[in-house]
Chemist: 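Provided herewith is a single structure, encoded as structure tokens, for subsequent inquiry.
Just so it is clear, the values below take in all heavy atoms, side chains as well, and ignore hydrogens, waters and symmetry mates.
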Amino acid sequence: MDRAKVIIHMYMSIDGKIDGDWDGLPGDKISGDYYDDQLFRLGSANANGSNTIVMYAAKGHPDLSKYDGQKIEYRDWVPSGIKAITWDVSYDRRGRAGWKKNYFPYAGRRNRAIEVVTKQASKGYLAFLQSMEIPYLVCGDQEINFAESLVKLKNYFDIKTMVLGGGALINGAFLRAGLVNQISLVVAPYISGDLKKKGTFDTLGKFIDQRFHVTQVKKLGDGGIHLIYDRD
């Protein structure tokens, strides 16, 4: 395969919600810890959409005015000699992520940040990323070309499998693009019941005509379950 394989890996309630009052309760600790542990067993890169990134990994608000006037072209930028064991990929079309460090500590690891942007991101934002030594890939003019990003992630960083951890919109976008090879669902032993919370997939109301079949069913110690589906 000339691109990184994609596994959607999500932690959810029995009714398919990806967050809520159930998350973090003592009764789901085994399932929650198991989800985190499995992430980097599945692949070397954790990936998220920009909403998730700015909520958890990159909460800052950098002053981009200091980068005014810098002559930067819209092309990929990868620092020479960059290496990491694990990566954190931000699908950030407009350049919203306010990184304070060039890595995100998660699941017991320091995961080196990579930004995937389009030409909607300002040149000031790209200069900011360069100042942080955060590599970025320019994949599209208005919308992200997800297939192109997967080829580049493999070529530049030797990422063979990218684990996509939400949110719902980015999960749905990869499904619509036909790029999901496997779905891994860790189901907590609770029902959310909150109609305002997002489900695991948001395909913008579209039926995705792709068939997946179960290849693993594993019971967890707190009543949770781990399901793995492979695409036909």
Chemist: Side chains of Ile82 and Trp87: does their closest heavy-atom pair fall under 4.5 Å?
Modeler: yes

Chemist: Heavy-atom count around Leu195 CG within 6.0 Å, excluding the residue itself: above 12?
Modeler: no

Chemist: What are the two closest heavy atoms between Tyr136 and Arg75, and how far apart are they?
Modeler: CE1-O, 3.3 Å

Chemist: Report yes if the side chains of Arg176 and Ile208 come closer than 4.5 Å at any heavy-atom pair, otherwise no.
Modeler: yes

Chemist: If Ile, Leu, Val, Met, Phe, Trp and Tyr residues are connected whenever their side-chain heavy atoms lie under 4.5 Å apart, and connections chain through other members, are Ile8 and Met12 in the same group?
Modeler: yes

Chemist: Could you check Phe104 against Trp99 for side chain to side chain contact (heavy atoms under 4.5 Å, CB included), going step by step and ending with a plain yes or no?
Modeler: CA-CA 9 Å; Phe104 178 47; Trp99 295 97; 4.2 Å; yes

Chemist: To the nearest 0.5 Å, what is the distance between OG1 (Thr86) and CZ (Arg112)?
Modeler: 11.0 Å

Chemist: So, for Ser31 and Gly224, which heavy atoms are closest and what is the spacing to 0.1 Å?
Modeler: OG-CA, 3.5 Å

Chemist: Where do Leu126 and Ala121 come nearest, in terms of heavy atoms and distance?
Modeler: CD2-CB, 4.4 Å

Chemist: What pair of heavy atoms forms the shortest contact from Asp15 to Gly193, and how long is it?
Modeler: OD2-N, 2.8 Å

Chemist: Is the Phe146 to Tyr91 ring centre distance short of 6.0 Å?
Modeler: yes

Chemist: Are more than 12 heavy atoms from other residues, nucleotides or ligands located less than 6.0 Å from atom NE2 of His61?
Modeler: no

Chemist: Can you tell if the side chain of Lys5 reaches within under 4.5 Å of the side chain of Lys160, non-hydrogen atoms only?
Modeler: no

Chemist: Is Ile134 reachable from Leu137 through a run of hydrophobic residues whose side-chain heavy atoms are each under 4.5 Å from the next?
Modeler: no

Chemist: Which pair of heavy atoms, one from Gly172 and one from Thr203, lies closest together, and at what distance?
Modeler: CA-CG2, 4.1 Å

Chemist: Within a reach of under 6.0 Å around CG of Asp76, are more than 12 heavy atoms found that belong to other residues, nucleotides or ligands?
Modeler: yes

Chemist: So, does Asn181 use its side chain to make a donor-acceptor pair with the main chain of Val6 at under 3.5 Å?
Modeler: yes

Chemist: Taking it one step at a time, do Phe40 and Asn46 satisfy side chain to side chain contact (heavy atoms under 4.5 Å, CB included)?
Modeler: CA-CA 8 Å; Phe40 288 110; Asn46 175 40; 3.9 Å; yes

Chemist: Verify, without hydrogens or angle tests, whether Gln210 (side chain) and Leu175 (backbone) share a donor-acceptor contact under 3.5 angstrom.
Modeler: yes

Chemist: If hydrophobic clusters are built from ILVMFWY residues whose side chains come within less than 4.5 Å, do Met10 and Val163 share one?
Modeler: no

Chemist: For the atom pair OG1 (Thr215) and CD (Gln182), what is the distance rounded to the nearest 0.5 Å?
Modeler: 5.5 Å

Chemist: Apply side chain to side chain contact (heavy atoms under 4.5 Å, CB included) to Ser184 and list each qualifying residue two or more places apart in sequence or on a separate chain.
Modeler: Ile7, His9, Leu42, His226, Ile228

Chemist: Check whether Arg231 reaches the backbone of Gly178 with its side chain - one donor and one acceptor, N or O, closer than 3.5 Å.
Modeler: yes

Chemist: Calculate, to the nearest 0.5 Å, the distance between atoms NZ and OG belonging to Lys198 and Ser192 respectively.
Modeler: 14.0 Å

Chemist: Taking the side chain as C-beta and beyond, is there a heavy-atom pair between Asp21 and Asp194 under 4.5 Å?
Modeler: no

Chemist: Are Lys17 and Asp19 ion-paired here, with the side-chain N under 4.0 Å from a carboxylate O?
Modeler: no

Chemist: Under 3.5 Å, side chain of Asn102 to main-chain N/O of Met132, donor-acceptor pair present?
Modeler: yes

Chemist: Side-chain heavy atoms nearer than 4.5 Å, only ILVMFWY residues, links allowed to pass through others: does that put Leu129 and Ile72 together?
Modeler: yes

Chemist: Rounded to the nearest 0.5 Å, how far does OH of Tyr229 lie from CG of Leu185?
Modeler: 6.5 Å

Chemist: Does Lys119 have any side chain to side chain contact (heavy atoms under 4.5 Å, CB included) partners at least two apart in sequence or in another chain, and if so, which?
Modeler: Tyr74, Val138, Asp141

Chemist: Ignoring hydrogens and geometry, is there a side-chain-to-backbone donor-acceptor pair from Asp92 to Arg96 under 3.5 Å?
Modeler: yes

Chemist: Drop me the distance from Leu169's CG to Phe201's CZ, to the nearest 0.5 angstrom.
Modeler: 12.5 Å

Chemist: Is the side chain of Tyr106 donor-acceptor paired with the backbone N or O of Asp36 at a distance under 3.5 Å, no angle test?
Modeler: no

Chemist: Go through the steps to decide whether Leu150 and Met162 satisfy the test side chain to side chain contact (heavy atoms under 4.5 Å, CB included), and finish with yes or no.
Modeler: CA-CA 8 Å; Leu150 295 174; Met162 185 185 79; 3.8 Å; yes

Chemist: Please answer whether the main-chain N or O of Thr200 pairs with a side-chain N or O of Asn171 as donor and acceptor at a distance below 3.5 Å.
Modeler: yes

Chemist: With sequence neighbours left out, write down each residue that passes side chain to side chain contact (heavy atoms under 4.5 Å, CB included) with Val151, or none if nothing qualifies.
Modeler: Arg3, Asn155

Chemist: Are Leu220 and Ile14 in one and the same hydrophobic cluster, where Ile, Leu, Val, Met, Phe, Trp and Tyr link if side-chain heavy atoms are under 4.5 Å apart?
Modeler: no

Chemist: With a 6.0 Å cut-off on the ring centroids, do Tyr11 and Tyr35 count as close?
Modeler: yes

Chemist: Using modelled atom types only, decide if a donor and an acceptor are shared between the side chain of Thr118 and the backbone of Arg93 within a distance under 3.5 Å.
Modeler: yes

Chemist: Run the side chain to side chain contact (heavy atoms under 4.5 Å, CB included) test on Tyr156 and Ile114 for me, step by step, so that the C-alpha distance in whole Å, both residues' side-chain angles and the decisive distance to 0.1 Å come before the verdict.
Modeler: CA-CA 11 Å; Tyr156 284 129; Ile114 302 169; over 6 Å; no

Chemist: If you measure from CG on Leu153 to CG on Asp158, what distance do you get to the nearest 0.5 Å?
Modeler: 11.0 Å

Chemist: What pair of heavy atoms forms the shortest contact from Ser131 to Tyr67, and how long is it?
Modeler: OG-OH, 3.2 Å

